[in-house]
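Worth knowing before you read on, the calculation uses all heavy atoms, side chains too, and leaves out hydrogens, waters and symmetry mates.
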Amino acid sequence: MDQLKVVVTDYEYADLRYEEEVLKKAGIKLIPAQCRTEDELISACKDADGLLNQYAQITRRVIEALVKCRVIGRYGVGVNTIDMEAATDKGICVVNVPDYCVDEVSDHALALLLACARKVVLLNNSVKNGRWDYKISKPINRSRGKVLGIVGFGRIPRALAQKAKAIGFSLLVYDPYITSTDAEAYGAKLVELEELMAKSDFVSVHAPLTKQTYHMIGEKELSLMKPSAFIINTARGPVIDEEALIKVLKEGRIAGAGLDVLEEEPTPRDNPLLTMDNVIITPHVAWYSEEAEVELRTKAAQGVVDVLLGYWPKYLVNKDVKDKIQLKVFY
């Protein structure tokens, strides 16, 4: 019997030691690649038994060219790099790591929120440029008692809700897949998106990127916001229509934004957001801590190994694939 092999489609880590350790224990060969195009993916992965994927786009064309693949593991929570329907059609399990950076991302969202509220970056830059004057930050309003609207209410935003509640925010939640009871357990009120946008002093976006959520926050939704309100995004850039965001910021219709994700990453140097003093941008780093990176890489590799050894993985994303394949229950 030929040795099973897993191809890493692309990665930005210094090495693959954590993945290699997990796969080696299972007798599976790890093959690193740095694919950028469909043709490169097909060439590197066509006879792989499994894939580990970071940013390369695993399209239907790529999936249909895979001869032996049984599982695709995604480094992350979101699986927007993978054509889920095509993977399910082919009987390929897709696994992710939904619980590896809950504290990191919720902390980062809160950090961006408070940095916007207290105008930390603006003041820091001003002082470093030789100006010692708090008045450039006017107006700053007290955060306690303000309304935080949370779009999407999975693990990460629930952690954010607990942290924000502890420092005095009132909470509104929009998520069509939860109940009022789910929100109330965190001291939040479940509302429609339009009400959330209109009533919130801060909006924090946590929806995954899907066909349904692409540009779900556009000019219509942004125009509902208070002129004093800020929007925070640590989810996926395209959930917010960036062109619309730039427009409302230029026109002063909202107070500012804290963004860890953008529609194009890295963003072009001519992106108007880069010139705005009321916009804070970080380079898609909310997920990161040393501990989270190790957990992510280890769990992603283990999910792939589980499937290749004949077991249902702990974090199966495309559950409809269960109608097409048979695996053993391990967890």
Between [X] and [Y], is there shared hydrophobic-cluster membership here, with clusters defined by ILVMFWY side-chain heavy atoms closer than 4.5 Å?
| X | Y | result |
| --- | --- | --- |
| I281 | L245 | yes |
| I178 | L171 | yes |
| I167 | L112 | yes |
| L160 | Y174 | no |
| V294 | Y288 | no |

Short side-chain to backbone donor-acceptor contact, [X] and [Y], under 3.5 Å:
| X | Y | value |
| --- | --- | --- |
| N278 | A255 | yes |
| S106 | V102 | yes |
| N124 | V120 | no |
| R74 | G78 | yes |
| T298 | E295 | no |

Could you verify whether a donor N or O on one side chain and an acceptor N or O on the other, from D260 and T234, lie under 3.5 Å apart?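 Note: D260 and T234 side chains miss the donor-acceptor criterion.
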
Polar side chain donor-acceptor pair, T81 to Q57, under 3.5 angstrom: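 No, no side-chain donor-acceptor pair sits under 3.5 Å.
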
Taking the hydrophobic residues Ile, Leu, Val, Met, Phe, Trp and Tyr, and joining any pair whose side-chain heavy atoms are under 4.5 Å apart, which ones share a cluster with I136?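 Via sub-4.5 Å side-chain contacts, I136 links to L122, L123.
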
Kindly give the cluster partners of I82, where membership spreads through any ILVMFWY side chain lying under 4.5 Å from a current member.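 I82 shares its hydrophobic cluster with V7, I31, L41, I42, L51, I58, V62, I63, L66, I72, V79, M84, I92, V94, V317.
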
Quick one: pull up [atom1] in [X] and [atom2] in [Y] and give me the separation to the nearest 0.5 Å.
| X | Y | atom1 | atom2 | value |
| --- | --- | --- | --- | --- |
| L316 | N96 | CG | CG | 9.0 Å |
| I240 | N233 | CD1 | CG | 4.0 Å |
| L273 | T275 | CG | OG1 | 8.0 Å |
| I231 | E221 | CD1 | CD | 9.5 Å |
| L262 | T267 | CG | OG1 | 5.0 Å |
| L309 | L4 | CG | CG | 7.5 Å |

Where do [X] and [Y] come nearest, in terms of heavy atoms and distance?
| X | Y | result |
| --- | --- | --- |
| V173 | A183 | CB-CB, 4.5 Å |
| C101 | A292 | CB-CB, 4.5 Å |
| A235 | V205 | CB-O, 3.5 Å |
| C35 | A44 | SG-CB, 3.8 Å |
| S204 | A109 | OG-CB, 3.9 Å |
| A300 | V97 | N-CG2, 3.6 Å |

All pairs passing side chain to side chain donor-acceptor pair (under 3.5 Å) where [range] contributes a residue, at least two apart:
| range | result |
| --- | --- |
| residues 140-149 | none |
| residues 236-258 | N80-R236, E219-K247, E219-R253, S223-R253, E242-N271, E251-R253 |
| residues 82-93 | R60-D89, T88-N318 |

Check this for me: does any side-chain nitrogen of one of D306 and K328 sit under 4.0 Å from a carboxylate oxygen of the other?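 K328 and D306: not salt-bridged.
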
Answer yes or no: is there an ion pair linking D103 with R155, defined by an N-O contact shorter than 4.0 Å?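 Salt bridge flag = no for R155 with D103.
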
So which pairs with a foot in residues 92-102 pass salt bridge (Lys or Arg N to Asp or Glu O under 4.0 Å), sequence neighbours left out?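 Pairs touching residues 92-102 that pass the test: D99-K299.
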
Strictly by salt bridge (Lys or Arg N to Asp or Glu O under 4.0 Å), give each pair with a member in residues 107-132 just once, sequence neighbours left out.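 Every salt bridge (Lys or Arg N to Asp or Glu O under 4.0 Å) pair that includes a residue of residues 107-132, provided the two are not neighbours, is D107-K163, R131-D133.
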
Check against side-chain contact (heavy atoms from CB on, under 4.5 Å), V304 and L52: CA-CA 8 Å; V304 170; L52 277 167; 3.9 Å; yes

Not counting sequence neighbours, list each pair that qualifies as a ring pair (Phe, Tyr, Trp, His ring centres under 6.0 Å) and has a residue in residues 223-247.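 Sorted result for residues 223-247: F202-F230.
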
So, do [X] and [Y] sit near enough that their side-chain heavy atoms are less than 4.5 Å apart?
| X | Y | answer |
| --- | --- | --- |
| H215 | V239 | no |
| W312 | I325 | yes |
| E293 | L296 | no |
| H108 | T282 | yes |
| V203 | I232 | no |
| L16 | L30 | yes |
| C45 | T9 | yes |
| V77 | P208 | no |

Sequence neighbours excluded, which residues qualify as salt bridge (charged side-chain N to carboxylate O under 4.0 Å, His left out) partners of D182?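 Here no residue qualifies.
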
Intermediate values then yes/no, side-chain contact (heavy atoms from CB on, under 4.5 Å), V6 and D49: CA-CA 6 Å; V6 170; D49 298 283; 5.7 Å; no

With sequence neighbours left out, write down each residue that passes side chain to side chain donor-acceptor pair (under 3.5 Å) with Y55, or none if nothing qualifies.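 Result, side chain to side chain donor-acceptor pair (under 3.5 Å) vs Y55: E12.
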
Give the intermediate values and the outcome of side-chain contact (heavy atoms from CB on, under 4.5 Å) for residues Y134 and I140. CA-CA 10 Å; Y134 82 92; I140 290 178; over 6 Å; no

Step by step, would you call H206 with V151 a side-chain contact (heavy atoms from CB on, under 4.5 Å)? CA-CA 6 Å; H206 298 276; V151 179; over 6 Å; no

Between Y100 and Y75 (judged by ring centroids, cut-off 6.0 Å), do the two rings come close enough to count as a pair?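 No, too far apart.
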
Counterpart residues, side chain to side chain contact (heavy atoms under 4.5 Å, CB included), relative to R36 (two or more places apart):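 R36: side chain to side chain contact (heavy atoms under 4.5 Å, CB included) contacts with D10, Q34, E40.
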
Please list, one pair per line, the donor and acceptor atoms closer than 3.5 Å that link side chains of residues 184-195 to other protein atoms, with sequence neighbours excluded.
from: E195; atom 1: OE2; to: K199; atom 2: NZ; distance (Å): 2.8

Around K68, counting heavy atoms of other residues, nucleotides and ligands shown, do more than 12 lie under 6.0 Å from its NZ?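 Counting other residues, nucleotides and ligands, NZ of K68 exceeds 12 neighbours.
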
